[in-house]
Amino acid sequence: MDINFSAFEAWPFILKLNFVLIICFLCISLLLISSVYYQRLTKNIKFKRRQNLENILLDFINSYLFDKDFDKDKEVLILKKKYLLTDFHLKITIKQILMFNENLKGESTGSIKDLFMALGLYDYIMKDLKTTSWQRKARAIYVLSQLSINIPKSFIDPLINDKRIEVRQQVILYILTLSEANPLDFLNKIDSPLTLWQQIYIEHSLKNAYKGEIPDFSQWIGHKMWSVVVFSVRMMSEFNQFQNIPVLMSLIDHKEEAVRREAIRSLSKMEHIELVPILISKFYNETQYIKQEIFKTIKHNGTYNQLQSLKSKMYHEDDSIQVYYYRLEHYFMTKLSLNLNNKI
């Protein structure tokens, strides 16, 4: 069938434009559909490859760990030459090893570490540790900590102050996991603030993972990073370091408001009897946030009479502080009323 181009030439301009736009739209649609189909196809192929490799690794690791007749040296060489050829293969292998390591205890964990070394994964991870990619660095440190593999401090120490918080987080995990003593020695080397999540994680690790002696947190009250000081102050009360009460009392006059507030909270938690009278004497010279913290301390550790000693000058305070005061006064009066009724 012949195409009559002369008829097309005779079309009005608007029809030509619509025709061209329709053809372009159809081409773009076909391109997008082809692209989606191709991505779906490659994704399925990659999934099948991953699944196939995972099944091979599952059988291999089980045999390596539990089959006494398994020729480890020979089979490791075969696996490396036949299946561990790309980054994709190595990442899947590391993932499988970590899954086994998480579910095994005792001698088997030592065998898992031996397998990790035999497959050349240690060298692969160490290369990641030397790259400029923060994702690869963070992943490498995570793997090393999960398998409890010691590496020279010369690799870890520079990463304590890495510009990426994700890397610093994994370094803390690594140090706390592998430390047998002085788990927080790295605090002496940091020159960036401790984030709230880092503080929470360190506390959790000290309470649930670390088996050694808890350090004396007073050694960091002079740290240049006030976030480290705040963390140390909080840990003194969390680990009942009552010998540091004089240190905490001195921090009530610290120049940083956050440090003063944390010192008050820790001393309140430790129920230090001298705290409330001293705070009352400092009340009118403090910031609004510290005044609120003093009210909280009086509520938990003080008396109604101690609260009343602040009433005479309360009219000079901001509305929010006055509201806080009268709420606390109502709390004490309700409490006293209940006590009287119980006696009757």
Side-chain angles (χ1 to χ4, degrees), residues 36-131 133-152 155-156 159 166-167 169-180 201 204-205 208-211:
V36 170
Y37 178 78
Y38 175 77
Q39 289 178 7
R40 184 65 179 269
L41 182 64
T42 54
K43 184 178 180 181
N44 288 338
I45 293 172
K46 190 173 182 179
F47 175 76
K48 289 180 180 178
R49 286 171 54 203
R50 174 192 289 269
Q51 197 172 43
N52 183 52
L53 180 58
E54 286 177 347
N55 291 332
I56 291 170
L57 289 170
L58 182 63
D59 292 337
F60 177 86
I61 296 173
N62 272 316
S63 298
Y64 186 95
L65 294 176
F66 306 115
D67 187 350
K68 294 181 180 180
D69 298 324
F70 189 72
D71 190 340
K72 294 183 178 180
D73 294 336
K74 177 184 175 182
E75 295 298 332
V76 164
L77 286 174
I78 293 173
L79 183 72
K80 288 172 67 175
K81 289 181 179 180
K82 191 173 181 180
Y83 297 106
L84 306 187
L85 304 176
T86 66
D87 273 3
F88 173 75
H89 298 150
L90 294 172
K91 289 174 183 176
I92 297 299
T93 305
I94 290 172
K95 181 180 177 181
Q96 289 297 308
I97 286 177
L98 290 180
M99 288 176 61
F100 269 87
N101 183 71
E102 186 177 350
N103 294 299
L104 295 174
K105 295 181 180 180
E107 294 181 4
S108 296
T109 56
S111 297
I112 281 288
K113 193 183 298 186
D114 292 340
L115 175 59
F116 183 84
M117 298 293 188
L119 292 174
L121 298 176
Y122 176 81
D123 295 332
Y124 175 72
I125 286 295
M126 292 305 291
K127 287 180 183 177
D128 279 354
L129 205 56
K130 298 172 186 176
T131 64
S133 168
W134 69 264
Q135 294 97 331
R136 295 174 77 97
K137 284 181 182 178
R139 185 182 62 207
I141 300 167
Y142 172 78
V143 171
L144 292 168
S145 64
Q146 291 301 300
L147 295 175
S148 299
I149 296 176
N150 280 294
I151 61 173
F155 287 101
I156 290 296
L159 299 178
E166 295 88 350
V167 175
Q169 190 99 350
Q170 292 304 322
V171 169
I172 291 174
L173 166 68
Y174 174 86
I175 293 173
L176 290 172
T177 300
L178 274 73
S179 291
E180 296 180 358
Y201 179 77
H204 176 78
S205 297
N208 299 286
Y210 177 65
K211 304 301 181 183

About how many Å separate [atom2] of [Y] and [atom1] of [X], when rounded to the nearest 0.5 Å?
X      : Y      : atom1 : atom2 : value
Asn62  : Leu65  : CG    : CG    : 7.0 Å
Phe116 : Ile94  : CZ    : CD1   : 5.0 Å
His89  : Arg49  : NE2   : CZ    : 5.0 Å
Ile125 : Arg136 : CD1   : CZ    : 9.0 Å
Met126 : Ile151 : CE    : CD1   : 4.5 Å
Phe155 : Leu129 : CZ    : CG    : 7.0 Å

Within 6.0 angstrom of [X] [atom1], more than 12 heavy atoms from elsewhere:
X      : atom1 : value
Asn208 : CG    : yes
Tyr38  : OH    : no
Tyr122 : OH    : yes
Lys127 : NZ    : no

Minimum heavy-atom distance between [X] and [Y], given as atom pair plus value:
X      : Y      : result
Leu173 : Ser145 : CD2-OG, 3.4 Å
Leu98  : Val143 : CD1-CG2, 4.0 Å
Ser148 : Thr177 : OG-CG2, 4.2 Å
Ile149 : Tyr174 : O-OH, 3.1 Å
Ser205 : Leu176 : CB-CD1, 3.6 Å

Side chains of [X] and [Y]: does their closest heavy-atom pair fall under 4.5 Å?
X      : Y      : result
Ile112 : Tyr64  : no
Gln170 : Tyr142 : yes
Leu57  : Met99  : no

query = Listed by chain and number, what are the side-chain contact (heavy atoms from CB on, under 4.5 Å) partners of Asn52, not counting sequence neighbours?
reply =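 Asn52: side-chain contact (heavy atoms from CB on, under 4.5 Å) contacts with Ile56.
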key: Counterpart residues, side-chain contact (heavy atoms from CB on, under 4.5 Å), relative to Lys80 (two or more places apart)   =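 Partners of Lys80 by the side-chain contact (heavy atoms from CB on, under 4.5 Å) criterion, ordered by chain and then number, come out as Val76, Leu84, Leu119.
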message = Less than 6.0 angstrom separating the ring centers of Phe60 and Phe70, yes or no?
response =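 Centroid distance Phe60-Phe70: below 6.0 Å, so yes.
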inquiry  = Is there a side chain to side chain contact (heavy atoms under 4.5 Å, CB included) between Leu144 and Leu178? Walk through the geometry before answering.
reply    = CA-CA 10 Å; Leu144 292 168; Leu178 274 73; over 6 Å; no
ask   = Counting distance only, does the side-chain N/O of Asn101 pair as donor-acceptor with the main-chain N or O of Gln146 below 3.5 Å?
value =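 Yes; at least one donor-acceptor contact below 3.5 Å.
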Derivation of the side chain to side chain contact (heavy atoms under 4.5 Å, CB included) call for Val171 and Ile175 = CA-CA 6 Å; Val171 169; Ile175 293 173; 3.8 Å; yes
